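Quick notes on the structure that follows.
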Amino acid sequence: MNHLSLVIKREYLTKIRNKSFVIMTFLSPLIMVGIFALVAYLSQLNNEKIRVIDVLDESGLFAGYLEGTENMSFQMISEQISLEEAKRNISESEDYGLLYIPETETISGLEKTIVFYSEDSPSLTLMRDLENTLESRANTLKLEEAGLDAARIKGLRLNIRPKLETFEGEETSRMGSGLKLIFGGAAGYLLFMFIIIYGNMIMRSVIEEKTSRIVEVIISSVKPTKLLLGKIIGTSLAGVTQFVAWVVLIGIFGWMITAVFGIDPAALQQQQAAAQAESLGGMEQMVQDVFLEINQLPILNLIVMFLLFFVGGYLLYASLYASVGAAVDSETDTQQFIFPILMPLILAVYVGFFTVIDNPHGMVSQVFSYIPFTSPVVMLMRIPFGVPLWQQLISVALLFITFFGTVWVAAKIYRVGILMYGKKASYKELMRWLKY
Amino acid sequence: MEKLLVAQNVSKSFGSFKALNDVSIEVPKGSIFGLLGPNGAGKTTFIRIINQITMPDTGSVTLDGEPLQPDHITHIGYLPEERGLYKSMKVGEQALYLAQLKGLDKQEAKRKLRYWFERLEIGDWWDKKIQELSKGMAQKIQFVVTVLHEPKLLIFDEPFSGFDPINANLIKDEILQLRDQGATVIFSTHRMESVEEMCDHIALIHKSNKILDGRLVDIKRAYKNNTYEVGLLTDDDVKVLAEMKDRFDVSPAHFKTINDELQYKIQIPETASPNDLIQFLTQRGQITHFVEVVPSANDIFIETVKNN
């Protein structure tokens, strides 16, 4: 067996067998699914209570027209009671709040005069539902006042949904943007997480070799560059293993939890889908749209580029992490070097989630999808929206050229740094090491 | 004598700091070669160059007549001063890994490890984790891993640090035996008594320069200055002492005896022989002690470093 594969094998096996690695592999998905289930359960619990709202309607315009929602119901109270008395009554009862609609001369007068009393400030959802209910009735009244038939007007209203098509004649739909966002965002964010988790792991493994003083024994047999490469590859393989385990375990745990607690994810999805379908003109249409969109995403392009950017971006940062490990003597000293590495990475994620979503082909998005330290994340987010192939290729080329540059720099720092014991290097010293 | 390792005019700088300045060293085959020098003299840099961990700026190094090349690492066993093992790995798999890195295949490595583990009586450590071992125990494993692939050239940097006297002796005997079996040993240490005991040749590096090298006996011969340590029982100490001081260079000496005698170091002129001194002494009293003062490696080390 040659040196590189020996190093890779050792790195991989020690990572995989490490207790905390094993525990994290099994615990993380459990925690994730657990938190998810807990949040779902809690928000269900939170909303289960139907809030009763007493209505003191002095105008007499709303009686019988206020329809409750799943979280809220209305209860009319006698107009004979004064506002003060009603408020006093409600604080003694279990009811949530009091809606006071004063007498009014014109319907428009209602805009400012209605008051809602409650003990605490009501949630946004409740207010939105309340406002919608009131507005709907008031608008109908207003139309009637103008002598128009509200029901008829409703029947005449049109819903215009322009069909979306690219210049090349590909059909798209409004579902597309959301879907593209999910694909791109997931890819970019996955890379970001992967770099941070496993980059740190590589760094720790370099520091461990330094502090345990074995490194000089090793590099009397193995070239430092090979050791560096073997470390990066071995750790990455362990990372991929962990990721795959997570996906599988999350699936299993998720299935178990839904089975045990009787939450039916399909039903939940249907509920949501049905709600969306209303605005999209039918469930069927929506399902069609989704499939159309998935079909029209540049799947092959996406997969190939995902792999290229993922590998390139990861290796770029991994080599930097490794050289940080070589430059310091203990993990507590890493902060000052880690920060400049994290900066472009975090910037990339922010640019991705704010700028690219806003305008995937805008100036800023384009620039950041070329800069090698941000391009893996930003370009991955842009690709689903359709990026010309030549742009992608330039970006990949830049990424890999920079990668070879950083590996060269990292290898230099690594070679010198691993034999420097007992001190933390300054940036100035790092520059000097490059010349050794 | 045939040379195993020849370094010619080797220089190495780190930035503006010159770690080695034009150092030439020849290590004879089958010898134990002491590489001496104060801390920071450049010994470790020189050893790292032999191990191809760092490359020299100028100069050349040959092993068995061939310029150093990557596959030479399988012929070299190196025990660095700063040494350790992976804490979380088991003894056996760690030793196997290190042996495989030195080019042994797995079965052969296993067989040889068994042999050495038996020999050093550490056979039952195979499945232990390094963090369960004491420092001395870990050192034994490092020693085994260094010599396992039967290298032509063994380099030990402070091999005895961390060993108790019993184990230090054990390791010393193993090193001597390896030498007898044909290995050449480069031995870097500050412990002059082990240099005295083990080394055939030495080289002294000070402030990046080689300032002394050769066979230890030759060097001692060159450094001795016809001085003898004598004990003499006399009837009249004052008179004899005056006579001695008249003829020789005399300085007081101290050694343990059962007599109450004069104890002095006496340097005789280069033209004189020790017999002349004995003759002089026997005429004046009874000799209880007569030893030629041979400089120790320690004396030579200190004197040479001070003079440079």
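These figures come from a predicted structure and were not determined experimentally. Reminder, nothing fancy here: chain letters follow the sequence lines and each chain counts from 1.
A:Tyr314 and A:Tyr198 have their aromatic ring centers separated by at least 6.0 angstrom.
Counting non-hydrogen atoms of other residues, nucleotides and ligands closer than 6.0 Å to CZ of A:Phe400 gives a total above 12. At most 12 non-hydrogen atoms from other residues, nucleotides or ligands lie less than 6.0 angstrom from NZ of B:Lys90. Within 6.0 Å of atom CD in B:Glu121, 12 or fewer heavy atoms from other residues, nucleotides or ligands are found, so the atom counts as exposed in its surroundings. Counting heavy atoms of neighbouring residues, nucleotides and ligands inside a 6.0 Å radius, atom CE of A:Met193 does not exceed 12 of them.
Only the side chain of B:Gln94 comes within contact range of chain A, with heavy atoms under 4.5 Å apart. Looking at A:Leu13, neither its backbone nor its side chain comes within 4.5 Å of chain B, counting heavy atoms on both sides. Both the backbone and the side chain of A:Glu216 have a heavy atom closer than 4.5 Å to some heavy atom of chain B. In this structure, no portion of A:Val215 lies under 4.5 Å from any heavy atom of chain B.
Contacts between residues 127-143 of chain B and chain A, counted as heavy-atom pairs separated by less than 4.5 Å, involve no residue at all. Inspection of non-hydrogen atoms places A:Val217, A:Ile218, A:Ile219, A:Ser220, A:Ser221, A:Val222, A:Lys223 of residues 217-248 of chain A under 4.5 Å from chain B.
Judged by distance alone, with hydrogens and angles left aside, the side-chain atoms of B:Arg83 form a donor-acceptor pair with the main-chain N or O of B:Pro80 at under 3.5 Å.
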* Kindly indicate, with the supporting measurements, whether the criterion side-chain contact (heavy atoms from CB on, under 4.5 Å) is fulfilled by B:Arg114 and B:Trp126. => CA-CA 9 Å; B:Arg114 293 276 177 217; B:Trp126 191 268; 4.0 Å; yes
For this session: Could you check B:Arg48 against B:Lys12 for side-chain contact (heavy atoms from CB on, under 4.5 Å), going step by step and ending with a plain yes or no?
Result: CA-CA 11 Å; B:Arg48 283 178 182 167; B:Lys12 175 75 187 175; over 6 Å; no
Walk me through it: do B:Glu93 and A:Arg17 pass the test salt bridge (Lys or Arg N to Asp or Glu O under 4.0 Å)? CA-CA 13 Å; B:Glu93 64 181 348; A:Arg17 286 194 210 141; 2.9 Å; yes
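The cationic group of A:Arg10 lies under 6.0 Å from the six-membered ring centre of B:Tyr86 and within 45° of the ring axis, placing it in a cation-pi geometry.
Annotation: maximal heavy-atom pairing with chain B below 4.5 Å, among A:Leu419, A:Thr211, A:Asn18, occurs at A:Leu419.
Between atom CD1 of residue A:Ile202 and atom CD of residue A:Glu11 there is a gap of 8.5 Å, rounded to the nearest 0.5 Å. Summarising the geometry, atom CD1 belonging to B:Ile186 is positioned 11.5 Å from atom CD1 belonging to B:Ile32; distances are rounded to the nearest 0.5 Å.
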